[in-house]
Amino acid sequence: MTVWVLGDQLTADVGPIQHTDHVLMIEAHGFADRLRYHPQKLLLLFSSMRHFRDSLRADGYEVTYITAETFGEGVQTYFTANPGDRLVLMEPPSHGAGDRLQHLVENCGGTLTRVENELFVTTHAMFDSWAGEHEEGRTYRQENWYRHVRRETGILMEDGEPIGGEWNYDDKNRETPPKEWSPPPVPTFSHDDITRSVHAFVSDRYPDSWGRVPSVEEPLQWPVTREQAVSLLDHVIDDRLEAFGPYQDAMLTDEWALSHSLLSAALNIGLLTAQEVVDRAAAAYQTGTAPIHSVEGFIRQIIGWREFMRHVYRRSMPELAQANQLSQTEPLPPLYWGGETEMQCLSEAVNHVYDRGYAHHIERLMVLSNFALMYGVTPQALNEWFHLGFVDAYHWVTTPNVIGMGSFGSDVLSSKPYASSGNYINKMSDHCKSCPYAISKTTGENACPFNALYWDFLKTNEETLRGTGRMGLMYAHVDKKDDTEWAAIRSRVDEIRSLAQEGEL
Ligand code: SF4
């Protein structure tokens, strides 16, 4: 038996690789010609694969490592040398990937057995039995799923009850840091011959990629080996987790990382398993290293959101990828592609993505997605931008988060859109203080663009939104505005659109 290890399954700690010493890896390059993937994402992916290959060989595995333009070519090369071989693969989470790979293998005369992907805490069967067939097509409730997983796994549970007495400590997790607070230094990782060679390859092969190409002398931002990923996890548990909870929704100028864990890049390619990350966080509570509200909030991101997204995506594809229930039509304005903008919040968030392929979850949802949603960008254009721009982005990750949640292209994840005026950003950040736009103004010169876009968004989508979810309060405010106010809002929105299209917002 040979285990086929994909680039997002770089672990020897779980799965069928534990029962064989023959491994196949295919490093395909052609996919990255089709989208302008962030160079740091490609560096992370190819370098991690090559490091994993070498660590397996050092541990005695026999690894066939093929570089090819496509998986099809790679599979053909493999079966020419190993006719009729039987491959085993952990099920890839992105829609249709398993079927496509199976087809390629069978076309070359081999067999492919797909097994549970043990990089995740929960299984398909667990979610499907929770959701039940009757829930197909309706909105799934994340909070219900989260509690179910806690009960089933015993994570942060004691005598059948949540530790600390509450399922959720969000009310303690919405603080902004005091002036004297500074986040822990962000760890970086050193280059070796492999990363230097992949760096040269990526720079040469993908000159049109979108994102900053770091100098080869500059330390790596993202771990590319198991050892580096574990050292990052150690640092997170010891130095970041405690403040993660209270400041997880905050945004500060010139602070891209705050107390966020920065583990998603390593987690999403298998350098860490979800179970070990959850176990380490739960142990940090037991030993008193971090308080319950931080630990609970952190674990909810993984077993609540991350696992939930994977399952909802699986059950909602392929329709979810094309969903656009608000009939949005706009392309992404140039500022998302590095164009200048005076908007302090958007400028910070876009630059974070450009510089490192990363922005934290509130920047993703309440700045980058919120603006695109209210501006009218199609969910698909925004999804593609997230997919190519973020080091931790894969189709199964971005599609539910961006199309379902950020763009409200579908109501499968939420009964109301995450649309907000500038007030939320003002409350959770220090950006508005240094922004040339006036947060207190909705219309007229220099009014914060989020404000007029918000009211216009509610008005434009009234037919779809008025009766849904918890929108009653918002529409009570909509109903109070008179014709003069609406005319001023429309005029400001027209102005915002034309400035954005000209790259002058
Ligand atoms: S004033 Fe508006 S555009 Fe400026 S930082 Fe605040 S929310 Fe963003």
Side-chain angles (χ1 to χ4, degrees), residues 1 3-6 8-20 86-103 105-106 111-157 160 162 167 264 267-270 272-279 281-282 299-321 394-401 404-405 410 412-414:
M1 172 182 86
V3 171
W4 185 357
V5 172
L6 300 178
D8 59 356
Q9 302 179 344
L10 305 180
T11 181
D13 293 340
V14 297
I17 196 169
Q18 296 182 296
H19 311 295
T20 185
R86 291 179 303 125
L87 298 181
V88 178
L89 173 75
M90 285 204 294
E91 185 70 39
S94 287
H95 177 76
D99 288 346
R100 277 196 299 279
L101 299 180
Q102 179 122 25
H103 188 66
V105 168
E106 287 172 359
T111 62
L112 180 71
T113 304
R114 285 141 62 185
V115 298
E116 190 79 51
N117 190 327
E118 296 180 22
L119 282 161
F120 296 92
V121 174
T122 61
T123 62
H124 292 187
M126 183 175 171
F127 186 89
D128 292 346
S129 112
W130 168 77
E133 285 306 309
H134 63 280
E135 298 219 22
E136 192 78 54
R138 52 160 281 188
T139 302
Y140 298 98
R141 300 287 170 208
Q142 182 268 339
E143 183 65 26
N144 297 347
W145 161 252
Y146 171 59
R147 293 182 188 193
H148 177 73
V149 179
R150 295 260 307 264
R151 285 195 189 95
E152 289 289 310
T153 59
I155 294 167
L156 289 185
M157 298 292 287
W167 290 103
S264 52
L267 202 48
N268 288 354
I269 58 172
L272 298 168
T273 69
Q275 186 71 56
E276 76 177 320
V277 173
V278 166
D279 289 346
I299 286 179
R300 178 149 35 93
Q301 296 278 349
I302 297 172
I303 61 171
W305 278 112
R306 184 171 183 270
E307 303 269 334
F308 184 66
M309 290 289 167
R310 174 175 75 117
H311 293 301
V312 171
Y313 164 85
R314 174 174 57 83
R315 288 171 63 107
S316 307
M317 284 294 291
E319 293 79 10
L320 182 61
Y394 294 88
H395 198 260
W396 70 270
V397 179
T398 61
T399 303
N401 276 297
M405 212 170 146
S410 155
V412 73
L413 278 156
S414 168

Hey, is the main chain of [Y] close enough, under 3.5 Å, to the side chain of [X] for a donor-acceptor pair?
X      : Y      : result
Arg150 : Leu156 : yes
Ser414 : Met405 : no
Glu307 : Val121 : yes
Gln102 : Leu112 : yes
Asn117 : Met90  : no

Do [X] and [Y] come within less than 4.5 Å of each other through their side chains, counting heavy atoms only?
X      : Y      : result
Leu87  : Thr113 : no
Trp305 : Gln142 : yes
Trp130 : Thr122 : no
Leu101 : Leu89  : yes
Thr11  : Glu276 : no

Checklist line | CA sep, side-chain torsions, deciding dist, call: Trp4, Val105, side chain to side chain contact (heavy atoms under 4.5 Å, CB included) | finding: CA-CA 11 Å; Trp4 185 357; Val105 168; 3.9 Å; yes
Rounded to the nearest 0.5 Å, what separation is found between the [atom1] atom of [X] and the [atom2] atom of [Y]?
X      : Y      : atom1 : atom2 : result
Ile155 : Arg300 : CD1   : CZ    : 13.5 Å
Asp13  : Gln275 : CG    : CD    : 12.5 Å
Trp145 : Phe127 : CH2   : CZ    : 6.0 Å
Ile303 : Tyr146 : CD1   : OH    : 5.5 Å
Glu116 : Met126 : CD    : CE    : 11.0 Å
Thr273 : Asp279 : OG1   : CG    : 7.5 Å

Next item on the list: Could you give me the CA-CA distance, side-chain angles and deciding distance for Arg306 and Gln301, then say whether side chain to side chain contact (heavy atoms under 4.5 Å, CB included) is met?
Entry: CA-CA 6 Å; Arg306 184 171 183 270; Gln301 296 278 349; over 6 Å; no
Next item on the list: Might you work through the side chain to side chain contact (heavy atoms under 4.5 Å, CB included) test for Leu413 and Val312, ending with a clear yes or no?
Entry: CA-CA 8 Å; Leu413 278 156; Val312 171; 4.1 Å; yes
Note to self: For His103 and Arg100, which I'm curious about, is there any donor-acceptor pair between the side chains at under 3.5 Å?
What the structure shows: no
Notebook entry, point to check: What do the steps show when you test Met309 against Asn401 for side chain to side chain contact (heavy atoms under 4.5 Å, CB included), and what is the final call?
Noted result: CA-CA 7 Å; Met309 290 289 167; Asn401 276 297; 3.5 Å; yes
For [X] and [Y], work out which heavy atoms get closest and say how close.
X      : Y      : value
Gln18  : Ala12  : CG-O, 3.6 Å
Asp8   : Pro93  : OD2-CD, 4.2 Å
His395 : Met317 : CE1-CE, 3.6 Å
Val412 : Ser316 : CG2-OG, 3.4 Å
Leu272 : Leu119 : O-CD2, 4.2 Å
Arg141 : Phe308 : C-CZ, 3.8 Å

Checklist line | Arg310 to Phe120, cation-pi by 6.0 Å centre distance and 45° axis angle | finding: yes
